[in-house]
Amino acid sequence: MSDPFDDIPFGDDEPPRPEPAQGSIAARAMAARRQQAPSYLEGLNPEQRRAVETTEGPVLVLAGAGTGKTRVLTTRIAHILSLGLAFPSQILAVTFTNKAAREMKERIGVLVGEAIEGMPWLGTFHSIGVKILRRHAELAGLRSDFTILDTDDQVRLVKQVIQAEGLDDKRWTPRSFAHMIDGWKNKGWGPRDIPEGDARAFGEGRGRELFAAYQDRLKTLNACDFGDLLCHPIRLLRDNPDVLAEYHRKFRYILVDEYQDTNTAQYMWLRLLAQRPASKDAGLAEAPAPYVSGSASPAEGGARDRAPDDFSSAPAEAGSRSERPAVSANRAAEGGGPAPQGAERPVSVNICCVGDDDQSIYGWRGAEVDNILRFEKDFPGATVIRLERNYRSTQHILGAASHLIAHNEGRLGKTLFTEAADPDHAKVQVHAAWDSDEEARAIGEEIEALQRNGHDLDDMAILVRASFQMREFEDRFIRMGIEYRIIGGPRFYERMEIRDAMAYLRVVAQPADDLAFERIVNTPKRGLGDASVRLVHDHARARGIPMLEAARDIVATEEMKPKPRAALRELVESFDRWRERMDRTPHPELAETILDESGYTAMWQNDRSAEAPGRLENLKELVRAMEEFESLRAFLEHVSLVMDAEQKEHLDAVNIMTLHAAKGLEFGTVFLPGWEEGLFPHQRSLDEGGRSGLEEERRLAYVGLTRAKTNCHIWFTSNRRIHGMWQGTLPSRFLDELPAAHCDVAEPTGVGGGYGSYGASRFDRADPFSSDRPSPGWQRARANRTDATARNWGSRSGVGVERIGYGEADSGYGAGRKSVKGRVIEGELVAKSVADTPSEFAVGDRVFHLKFGNGNVVAVDGNKLTVAFDKAGEKRVLDGFVERV
DNA sequence: CACAGGCTAATTTTT
DNA sequence: TTAGCCTGTG
């Protein structure tokens with residue numbers, strides 16, 4: 001019904017789609033198509049075709065930039081479906097971004113024809129993680145309607161935990177701890193798995209306890225952070241072999257996009273699903289999983305078709321399949337003849353990973369290039385296919401990129417080449433500018449010139465290392481009247497108004513969602529300030545109930561002053577009303593009602609600021625977007641995981657984005673500004689990542705270069721404003737790593753003749769591109785980095801020392817001060833009222849209340865007491881807030 | 001509760 | 001330089 005996961009019961013392997021009746025025209029057409037090479041295979045080059053047709057066993061496709069990676073992936077799926085090797089629901093295909101998943105779905109649709117059922121298991125690691133987790137939530141200690149917290153919620157929760165532990169959240173910032181937790185979860189670690197050193201490094205050595213406390217809070221909130229969406233399924237599958245076996249039987253084919261970006265948790269997750277450890281006992285070999293039996297006895301029809309449980313039902317196209325022997329599922333079995341399952345080799349599903357180690361640029365968020373480098377060891381007998389035939393760029397661009405990336409060590413090694421005739425394409429142009437101002441102006445002028453020559457702005461891009469560089473271009477382009485668009489700004493669901501609105505909806509759908517409740521309890525302003533919220537919060541924690549329930553308790557008493565109390569009662573009643581309407585009102589309508597009645601819409605209507613109209617517009621868009629979903633819950637899930645801002649404008653505009661955001665895209669002309677030491681490679685990568693940091697920066701440069709189809713312009717400046725101060729800069733060492741044969745030093749065309757004072761550089765020499773690596777420019781850059789650059793870019797040492805000194809001096813008094821206040825009070829509450837649900841107070845008891853002072857209990861009603869206070873008179877209070885004297 | 005002023009930190013970003 | 005956050009004041 002309205003349950004978002006009702007529509008994916010385990011029986012989804014039987015898509016309710018009509019099969020063409022045997023002998024029907026459709027069936028004959030399908031059969032005919034199988035005789036000859038299907039049309040979708042046409043136009044693939046031999047390597048691509050091999051990657052598509054090697055459906056069995058582990059396959060690693062090393063797909064260089066512009067070699068048709070997505071095409072291979074989608075065609076491979078189409079191929080599997082078209083041969084009837086599996087149902088759509090038996091193919092697990094994972095990507096990193098929703099965008100990639102969407103594109104893949106679309107392209108498969110085109111290949112296979114729209115008749116194909118959607119692929120339920122094509123999605124991001126996280127969305128598939130959720131799907132698994134919803135089904136088996138109870139095995140992870142959650143209810144299946146758990147909430148997914150985004151980064152913001154996560155940080156707020158971490159902050160609460162840090163404060164509850166009595167730590168100073170200045171010294172131990174929630175942000176950094178949330179980051180640490182993410183790091184741990186990227187490795188698949190729970191509180192007990194983290195190394196002692198890590199645990200000691202935070203919160204006065206209490207990192208582990210804090211982590212555990214955080215996980216505890218998540219559990220009580222019935223919530224997951226993003227990391228949990230990977231970690232819970234891993235633990236769940238590992239601890240429940242029967243569940244794992246179900247998925248083993250279910251997924252016949254696994255495909256992974258951008259494998260070089262997988263982190264350790266994702267890797268564990270994949271290996272769990274893709275591989276069973278070698279079975280040691282004969283018993284298992286006799287009763288193998290269906291796909292193993294299929295390979296051991298590839299008889300037609302086969303037991304595999306009639307496998308007893310709904311996970312393993314094979315395609316129902318009986319007619320077509322019996323013509324082909326069931327394909328053996330793994331190489332180990334293939335080689336060993338019948339019943340080789342007892343072998344040491346782990347049994348792998350048909351897993352196909354596609355990636356490019358040279359484009360691994362997400363190490364900083366946990367990606368392990370090592371995963372791709374190790375593939376052949378992990379999956380013995382793997383087929384490795386290299387795609388090196390590039391369809392995107394000119395010889396010069398490929399030459400420059402290849403030469404640059406060759407400076408990295410530990411690559412799997414690919415060399416891109418193009419077969420396209422390469423008449424007189426321009427070499428990669430290297431430009432120097434005096435400062436970033438001139439850089440932006442010159443690029444703007446070049447763009448105008450190109451535009452005059454009939455080039456589309458859409459086909460040009462400026463790829464920067466860091467987003468602060470964008471502003472310079474925006475300013476310039478506005479002044480010059482060049483249309484531009486920024487790719488990768490803030491996301492739709494990250495906007496304040498959207499998050500607020502979502503918080504309302506979340507509280508309605510999930511009353512235990514305290515984080516959402518806290519977010520909107522005083523938005524719009526209701527006069528419920530810190531003190532009121534704290535009261536509710538403390539009561540909720542003390543009794544282990546959701547804040548909304550705590551609020552309900554509190555408004556029945558006189559704990560609060562009349563004004564906030566009335567406001568809170570109003571809010572509680574509103575939520576009751578909305579929840580009551582939830583099941584009988586269409587959810588978009590309900591959302592409108594909520595935003596209206598809560599005063600949220602009015603708040604923005606009364607706001608005179610410039611953004612207010614846009615925010616109202618966004619709210620409307622939110623409501624509109626809801627219409628596409630079956631239920632409020634389905635919608636909530638979509639937003640937390642998937643929803644992103646759509647680019648509406650269709651006008652011709654230059655694209656401005658970071659190098660990271662550019663991965664996977666291509667443009668006729670690409671501008672790469674800011675190739676200076678300290679900016680690119682970025683000082684921080686160097687400081688924190690050492691050599692591997694540098695190599696990742698170099699891969700980023702490689703990604704930048706390979707985005708260009710025909711023209712590529714690299715720029716560096718002699719001066720750049722860093723944190724508001726002008727600094728002299730040195731050309732990037734990457735410039736020295738470009739091959740002379742494919743690059744030109746552009747003549748200065750700029751008006752102000754700007755870069756003369758850049759000083760002696762290799763660009764003044766006759767042969768600027770000497771190929772020996774430690775060229776003068778590089779050496780100079782390195783020599784200078786310690787003084788000029790390090791100073792300019794604030795290398796950590798100086799600041800770090802200072803910080804440690806400050807921190808230690810501060811920790812004693814800072815932490816002490818905070819903890820007394822926050823912790824003790826809370827501790828008392830917990831100690832007292834958790835123990836006794838019915839009140840431990842009796843009529844006649846003498847009690848003390850923080851606000852009302854001493855008094856005598858005159859009536860007891862559950863956890864609510866009526867007390868005759870000596871000074872304040874008779875009041876209704878919560879037992880949690882008084883103590884016996 | 002709202003606002004002003006001080007302090008801090010300052011890549012990359014998906015889910 | 002600047003934006004965002006926190007603290008202290010009215």
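Just so it is clear: chains get the letters A, B, ... in the order the sequence lines come, proteins before strands, and each one is counted from 1.
Taking only side-chain nitrogens and oxygens, A:Ser467 comes nearer than 4.0 Å to OP1 or OP2 of B:dT12. Close to B:dT15, at under 4.0 Å from its OP1 or OP2, lies a side-chain N or O of A:Asn98. Dashed line: the shortest gap from a side-chain N or O of A:Lys170 to OP1 or OP2 of C:dT7 is under 4.0 Å. Taking only side-chain nitrogens and oxygens, A:Asn186 never comes nearer than 4.0 Å to OP1 or OP2 of B:dT14. The phosphate of B:dT11 has neither OP1 nor OP2 within less than 4.0 Å of any side-chain N or O from A:Thr658.
Nucleotide C:dT1 holds its P atom 13 Å from the CH2 atom of A:Trp726, rounded to whole Å. In this entry the distance linking CG of A:Leu694 with C1' of B:dT12 reads 16 Å, nearest Å. A straight line from CG of A:Asp687 to P of B:dT12 spans 16 Å, rounded to a whole angstrom. Atom-to-atom, CG of A:Leu659 to P of B:dT11 comes out at 15 Å; the value is rounded to the nearest Å. If you measure from atom CG of A:Asp261 to atom C1' of B:dT15, you get 13 Å, rounded to the nearest angstrom. Here B:dT12 presents its C1' atom at 9 Å from CZ of A:Arg365, a figure rounded to the nearest Å. When rounded to the nearest whole Å, the span between CG of A:Asp530 and C1' of C:dT7 equals 12 Å. Nucleotide C:dT7 holds its P atom 9 Å from the CG atom of A:Asp168, rounded to whole Å.
Heavy-atom nearest nucleotides on DNA chain B were determined for A:Ser685 and for A:Leu528, and the one closer to the 5' end corresponds to A:Leu528. Between A:His660 and A:Lys525, the residue anchored nearer the 5' end of DNA chain B, judged by the nucleotide with its closest heavy atom, is A:Lys525.
Residues forming a salt bridge (Lys or Arg N to Asp or Glu O under 4.0 Å) with A:Asp437 (at least two apart in sequence, or on another chain): A:Arg476.
You can call A:His682 stacked on the base of B:dT11; the centres are under 5.5 Å apart and the planes sit within 30°. Judged by ring centres under 5.5 Å apart and planes tilted less than 30 degrees, A:Trp364 stacks against the six-membered base ring of B:dT12.
Residue contacts shown for A:Asn522 are limited to sugar-phosphate atoms, with no base heavy atom under 4.0 Å away. Looking at heavy-atom distances under 4.0 Å, A:Gly527 makes contact with sugar-phosphate atoms alone, never a base. Looking at heavy-atom distances under 4.0 Å, A:Arg721 makes no contact with the nucleic acid at all.
Here the two rings, on A:Trp364 and A:His682, have centers that are 6.0 Å apart or farther.
The closest donor-acceptor contact from the side chain of A:Glu676 to the backbone of A:Thr717 lies under 3.5 Å. Under a 3.5 Å cut-off, the side chain of A:Asn371 and the backbone N or O of A:Tyr259 do not form any donor-acceptor pair.
Using P as the reference atom, C:dT2 and B:dT13 are 22 Å apart when rounded to the nearest Å.
The side-chain heavy atoms of A:Trp121 and A:Val94, taken from C-beta on, include no pair separated by under 4.5 Å. By the 4.5 Å heavy-atom criterion applied to side chains, A:Leu157 and A:Gln160 are counted as neighbours. Between A:Arg526 and A:Ser532 there is no side-chain heavy-atom pair separated by less than 4.5 Å.
Here the side chain of A:Ala466 is nearest to one of B:dT12, B:dA10, B:dT15, namely B:dT12.
Ion pairing between A:Arg471 and A:Glu474 fails under the 4.0 Å rule for side-chain N and carboxylate O.
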Measure all distances between protein nitrogen or oxygen atoms and nitrogen or oxygen atoms of nucleotides 3-5 of chain C, and list the pairs falling under 3.5 Å.
none

